[in-house]
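Reminder, nothing fancy here: chain letters follow the sequence lines and each chain counts from 1. Keep in mind that the numbers below use all heavy atoms, side chains included, and drop hydrogens, waters and symmetry copies. Keep in mind that this is a model prediction, so the values were computed, not measured.
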Amino acid sequence: MYDHVKGFRDFYAPEMAARRETIDTVESVARGYGFREVGTPALESAQMYADKSGEEILEELYVFEDKGGRKVALTPELTPTVARMVVAKQQALAKPIKWFSTRPFWRYEQVQQGRFREFYQTNIDIFGSSEPTADAEVLAVAADALTGLGLEPTDFEFRVSHRDILGGLLAAFDGEIDQQAAIRAVDKREKIERDSYADLLTTAGLSPAQVDRFDDLLTTPADRLTELVSFAGTDRVAAAVGNLQAVLDAAADLGVREYCSLSLTTARGLDYYTGVVFECFDATGDVSRSVFGGGRYDDLIEGFGGQPTPAVGVAPGYATLALLCQRAGVWPAEELATDYYVLQVGETRETAARIARDLRGRGHVVESDVSGRSFGAQLDYADSINAETVVIVGERDLADGEVTLKQMSSGDQQQVPVEAFPGDHDRPTVDDFD
RNA sequence: UCCGGGCUGGGGUAAUGGUAUCCUUUGGGCCUGUGGCGCCCAAGACGCGGGUUCGAUUCCCGCGCCCGGACCCA
């Protein structure tokens with residue numbers, strides 16, 4: 001017996017069925033918006049991540065040298081890969097480029113609730129539009145995916161913030177301020193004591209008075225955002241506030257404004273984001289960590305050597321999404337589903353096979369005996385795979401030209417002429433032959 | 001990397017310094033026709049390594065994996 005590698009998981013059939021259903025829902029929503037599936041490699045040059053995020057990032061990656069001496073890394077995220085793909089075919093691709101991809105990613109991290117070393121995400125990105133409508137469409141596809149999973153407006157919220165509002169406000173204060181440190185402090189605001197929070201901001205270069213003022217500004221409600229503009233008095237903040245409002249307006253038109261709340265203290269991972277950023281949270285707070293996030297990153301493509309190309313995206317991860325769905329009671333049942341089991345008694349394989357083939361032709365999941373089992377053992381097995389209907393094909397009935405349908409939930413049975421089965425019925429059940 | 005809690009057949013458990021309980025499960029049989037129930041037979045565990053001991057599943061150490069948290073979260 002071998003243990004699996006820490007942070008890597010096996011998904012057995014019942015659990016995988018629920019995951020598949022969830023992934024299918026998210027992907028079909030993305031398809032409905034015209035996002036196209038792309039396929040991407042599991043390995044990239046390690047240097048690509050070092051260039052984008054700094055050499056330290058390599059500590060958190062699975063990095064190794066391949067037999068050709070290339071320094072490679074298992075992909076920890078999709079964004080650099082799709083950025084590389086956009087740059088490579090920039091002239092050939094019609095804008096906007098709308099791509100999605102569901103895949104595993106790997107990070108050498110500490111395992112905890114909702115976090116593993118191998119994890120699955122669906123990345124959804126738009127390249128080539130700087131319009132607020134594009135930001136809003138990303139919010140909309142995410143919201144539709146969640147409601148498509150059965151989540152209600154009361155189950156989740158998108159906390160929407162804006163990179164440039166935070167940066168612009170900090171820039172408007174007098175003094176030498178470490179913006180990165182200040183933003184990191186903001187990100188911790190909900191998690192730590194007020195005093196430690198103030199200390200962090202002070203360390204970042206704000207005076208005690210500025211700390212209070214800054215914090216007041218961060219909690220400005222959505223209908224008074226113009227106060228931020230008048231405080232800063234800069235074009236940068238004016239533009240950022242205008243952009244955020246435009247995105248929220250567009251979200252309203254797309255029917256997803258109700259899922260969005262303004263939250264300037266949401267500041268996670270701002271380093272490559274340039275505009276609107278958002279994170280999805282469990283509205284009840286039972287799932288304590290962020291479910292997933294997204295935002296606008298207009299500088300990345302140019303940073304990868306391409307033409308300046310605006311971009312915005314979101315990446316739902318299935319570890320945390322499962323936690324949210326389970327909390328809300330909408331996680332799909334982790335069980336096998338079988339439409340028909342065709343039970344054979346005696347030498348009836350030919351007829352049983354014909355019936356099974358006809359039912360499969362109608363798109364059903366159909367199993368039949370492949371183990372030479374007894375009647376009782378076959379019925380037991382049919383029960384174990386949650387067969388809805390058992391078609392008993394036995395020599396004795398067949399001599400009378402009949403088969404027996406058995407509905408497993410009720411135990412009801414019905415004799416049916418073999419040549420009439422499945423007949424014209426799409427999904428024949430006991431009731432169809434009363 | 002750090003902190004806390006765990007690890008007994010496939011799953012859930014019991015007891016224990018002298019090799020392990022019960023339920024469930026799995027395979028087979030009664031059983032080619034009402035049988036998904038029942039009965040019978042069988043299979044299957046102390047995470048790994050080391051130490052202490054006459055003897056370790058039990059006590060000690062290290063490691064692995066799991067659960068939760070800190071840090072981090074591109």
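- In this model, no side-chain donor or acceptor of A:R184 finds a partner on the base of B:C72 within 3.5 Å.
- Side chain of A:R107 to main chain of A:P76: a donor-acceptor pair is present (N/O by atom type, distance under 3.5 Å, no hydrogens or angles).
- A:L244 places a side-chain heavy atom less than 4.5 Å from the side chain of A:V276.
- Nearest nucleotide to the side chain of A:R115, out of B:C73, B:G36, B:G33: B:C73.
- Residue A:K6 has its side chain nearest to B:C66 when only B:G69, B:C66, B:A74 are considered.
- In this view, A:N386 satisfies the side chain to side chain donor-acceptor pair (under 3.5 Å) rule with no residue, not counting sequence neighbours.
- For residues 316-345 of chain A, proximity to RNA chain B is found at A:V345, defined as any non-hydrogen atom under 4.0 angstrom from a strand atom.
- The side chain of A:K52 sits closest to B:A74 out of B:A74, B:G35, B:U32.
- If you check every strand for non-hydrogen atoms under 4.0 Å, A:L61 touches a base.
- Across B:G17 and B:C71, the matching C1' atoms stand 42 Å from one another, rounded to whole Å.
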Quick one: which protein N/O atoms are closer than 3.5 Å to N/O atoms of nucleotides 23-30 of chain B? Pair and distance per line, please.
| unit_1 | atom_1 | unit_2 | atom_2 | d |
| --- | --- | --- | --- | --- |
| B:G27 | OP1 | A:R373 | NH2 | 3.0 |

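- Taking atom CD of residue A:E77 and atom P of nucleotide B:A74, one finds them 9 Å apart after rounding to whole Å.
- Spacing between atom CZ of A:R296 and atom P of B:A74 amounts to 18 Å, rounded to whole angstrom units.
- Contacts with RNA chain B (heavy atom under 4.0 Å) in residues 98-109 of chain A: A:R107, A:E109, listed by number.
- When the C1' atom is used for both B:C63 and B:U21, the distance is 31 Å, rounded to whole Å.
- With C1' as the reference atom, B:G69 and B:G10 are 31 Å apart, rounded to whole Å.
- Taking every side-chain heavy atom of A:Q113 into account, B:G68 is the closest of B:G68, B:C66, B:A74.
- Contact annotation for A:G295: no contact, since no heavy-atom pair falls under 4.0 Å across all strands.
- Counting only heavy atoms from C-beta on, A:H4 has its side chain closest to B:C66 among B:C66, B:G35, B:C71.
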Could you pull out the protein-nucleic contacts involving nucleotides 2-12 of chain B (nitrogen or oxygen on both sides, under 3.5 Å)?
| unit_1 | atom_1 | unit_2 | atom_2 | d |
| --- | --- | --- | --- | --- |
| B:C2 | N4 | A:Q110 | NE2 | 3.2 |

Applying the Watson-Crick and G-U criteria (both distances under 3.5 angstrom) with [ ] for crossing and | for other-strand pairs, one obtains for RNA chain B (((((((..(((.....[...)))((((((.......))))))...(((((..]....))))))))))))....

